Amino acid sequence: MDYLLTDEQKMVQDLARKIAEDKIRPVAAKYDQTQEFPWEIIKVLAQSDLFAIFVPQEYGGTGAGVLDLCIATEELSRACGGIAVCFAASALGTFPIILFGNEEQKKKYLPDLASGKKIAAFGLTEPEAGSDAAAIKTTAKRAGDHYILNGTKHFITNGGEAEVYTVIAMTDKTKGARGASAFIIDKGTPGFGFGKKEEKLGIRASITRELVFTDCKVPKENLLSKEGMGFIVTMKTFDMSRPGVAAQAVGIAQGALDLAVKYAKERHQFGKSIASFQGIQWMLADMATEVEAARSLVYSVARMVDAGKTNVSKDSAMAKLFASDVAMKVTTDSVQIFGGYGYMQDYPVEKYMRDAKITQIYEGTNQIQRNIIALQLIKEMAR
Ligand SMILES: Cc1cc2nc3c(=O)[nH]c(=O)nc-3n(C[C@H](O)[C@H](O)[C@H](O)COP(=O)(O)OP(=O)(O)OC[C@H]3O[C@@H](n4cnc5c(N)ncnc54)[C@H](O)[C@@H]3O)c2cc1C
């Protein structure tokens, strides 16, 4: 399908596709096994200016936007969903600074994030506060020119590897969700350490780790926006980043579909290629249609965000919900088309199924996306 991409967007697509094929695909299985952070690939992405595409021009980026980020994330995910999320999670950690940083904060942090000299992470989730984010317990108490942070964030992508963290903590517990605030925290700040590194089902090239704050002294200049804005920062950030998760899902699904079509042509049973059986053809046709429908939705939402449309929570949630469900179905069907071989690690397709699962869980589970969509629908109906 022709999405009428600009010449610049086609360049981003070609560049990301080339890196994915030449550099990522050959090492995807290795990183899946070792669970090491893929620094060699991050350096290639940085040298290719891909971290610049989501940062405004005045702070060292190319100012391209969310659609470009989606296009790049999709192409990288087509080769490895795990490596792609190391890239996309840096955008997630950077968006709060782009959206809510003051001039000084933007000048201090964005150029290094745009060049890929540093990568970012976003810390919201805690052991007892996942979907119910307002239940976070990490506190930030004002003490003179500083805030003192105490608490633990868990399941944080790029944890320990990133240099810059945007973290949500409670500055006033009595105010509930309105008592949360967002901070920029540098790796190396005294009192900021890293805990358990998770062993995961999929996206194993990415690091998922605890952030531990023990009387961590953060300068007051590192508060993003104002006290009490923590969940506004979070929601506006997710509006921009959820299309990226959806694009990761589209890329994973497309990658699995590519493998399934190739295998169906090569594999012979009953004296014919399995691609000649209508049962397989119809599966492939449905898979291709679902992937294209997901891509159309993701690109439409990304275009709306780039055009400056506000109030995109429902649309972003729809893109993430639909694309991630498609990814899970298409990757599972791809394994089915490979038959018993699909179940074996000697073939690359089972990794796609493992990698797809997380897109239904992080940045809000798909149950939570449905809640967001339904609430907005009901609100619109009441008008
Ligand atoms: C690999 C990985 C990377 C991650 N990266 C990050 C990161 O970089 N930064 C970050 O802050 N977090 C990150 N997370 C956390 C992720 O966003 C949470 O895991 C997710 O939001 C779900 O929270 P939970 O795991 O506590 O599940 P829970 O909230 O305990 O949910 C358990 C189940 O209950 C369902 N449920 C909960 N509430 C409702 C409801 N109201 N209605 C219907 N069903 C409901 C959920 O959908 C789910 O099926 C990551 C998680 C993983 C696994």
Side-chain angles (χ1 to χ4, degrees), residues 31-32 35 37 73 77 80-96 119-138 151-170 177 180 182-185 187 194-213 224 230-231 233-238 240-242 244-246 248-249 252 316-317 320-321 324-325 327-328 351 354-375 378:
Y31 283 108
D32 182 50
Q35 301 190 75
F37 191 77
T73 303
S77 303
C80 178
I83 292 178
V85 77
C86 305
F87 165 74
S90 192
L92 171 67
T94 305
F95 282 146
I119 61 167
F122 180 75
L124 169 67
T125 307
E126 298 183 3
E128 287 168 50
S131 303
D132 184 9
I136 58 168
K137 289 186 176 149
T138 297
T152 299
K153 298 285 170 187
H154 85 163
F155 296 171
I156 306 306
T157 307
N158 288 348
E161 310 297 326
E163 293 283 335
V164 179
Y165 295 79
T166 43
V167 171
I168 311 298
M170 298 304 286
F183 298 88
I184 311 171
I185 306 181
K187 185 178 182 177
F194 303 103
K196 185 180 173 215
K197 193 174 140 184
E198 304 296 338
E199 296 272 332
K200 304 194 294 291
L201 172 75
I203 57 161
R204 286 159 59 91
S206 72
I207 301 292
T208 312
R209 201 159 173 193
E210 278 181 341
L211 314 181
V212 183
F213 301 98
L224 270 170
F231 285 116
V233 171
T234 302
M235 295 312 145
K236 296 285 172 200
T237 295
F238 283 166
M240 280 181 87
S241 63
R242 278 181 183 144
V245 178
Q248 183 196 12
I252 293 170
S316 277
K320 196 242 175 211
L321 167 67
S324 60
D325 282 354
M328 203 60 239
K351 174 180 178 295
R354 290 189 281 111
D355 286 352
K357 185 62 203 170
I358 192 60
T359 62
Q360 294 180 310
I361 295 173
Y362 57 18
E363 288 195 35
T365 65
N366 280 5
Q367 284 79 10
I368 296 302
Q369 305 308 315
R370 287 183 170 91
N371 288 351
I372 294 168
I373 296 162
L375 277 177
I378 293 161

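Numbering of ligands and ligand atoms starts at 1, following listing order. Since the model is a prediction, treat every value here as computed from it, not as a measurement.
Considering backbone and side-chain atoms together, Gln367 places an N or O closer than 3.5 Å to an N or O of ligand 1. Considering backbone and side-chain N/O of Asp132, none are found under 3.5 Å from N/O of ligand 1. Considering backbone and side-chain N/O of Leu92, none are found under 3.5 Å from N/O of ligand 1. The shortest N or O to N or O distance between Lys200 and ligand 1 is not below 3.5 Å. Considering backbone and side-chain N/O of Phe155, one or more are found under 3.5 Å from N/O of ligand 1.
There is a protein heavy atom less than 4.0 angstrom from atom 23 (O) of ligand 1. Shown here, atom 26 (O) of ligand 1 is in close reach of the protein: a heavy atom of it lies under 4.0 Å off.
Here Lys153 has no heavy atoms under 4.0 Å from ligand 1, in either its backbone or its side chain. Neither the backbone nor the side chain of Asn366 comes within contact range of ligand 1; no heavy atom lies under 4.0 Å.
Ion pair Lys196/Glu210 not flagged as a salt bridge, since none of the NZ, NE, NH1 or NH2 atoms sits closer than 4.0 Å to an Asp/Glu carboxylate oxygen.
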Under 3.5 Å, side-chain donor or acceptor atoms of residues 86-93 against the rest of the protein: list the pairs with distances, not counting sequence neighbours.
unit_1: Ser90; atom_1: OG; unit_2: Ala120; atom_2: N; d: 2.9

With salt bridge (Lys or Arg N to Asp or Glu O under 4.0 Å) as the test, would you mind laying out the steps for Asp325 and Arg370 before giving the verdict? CA-CA 12 Å; Asp325 282 354; Arg370 287 183 170 91; 3.0 Å; yes
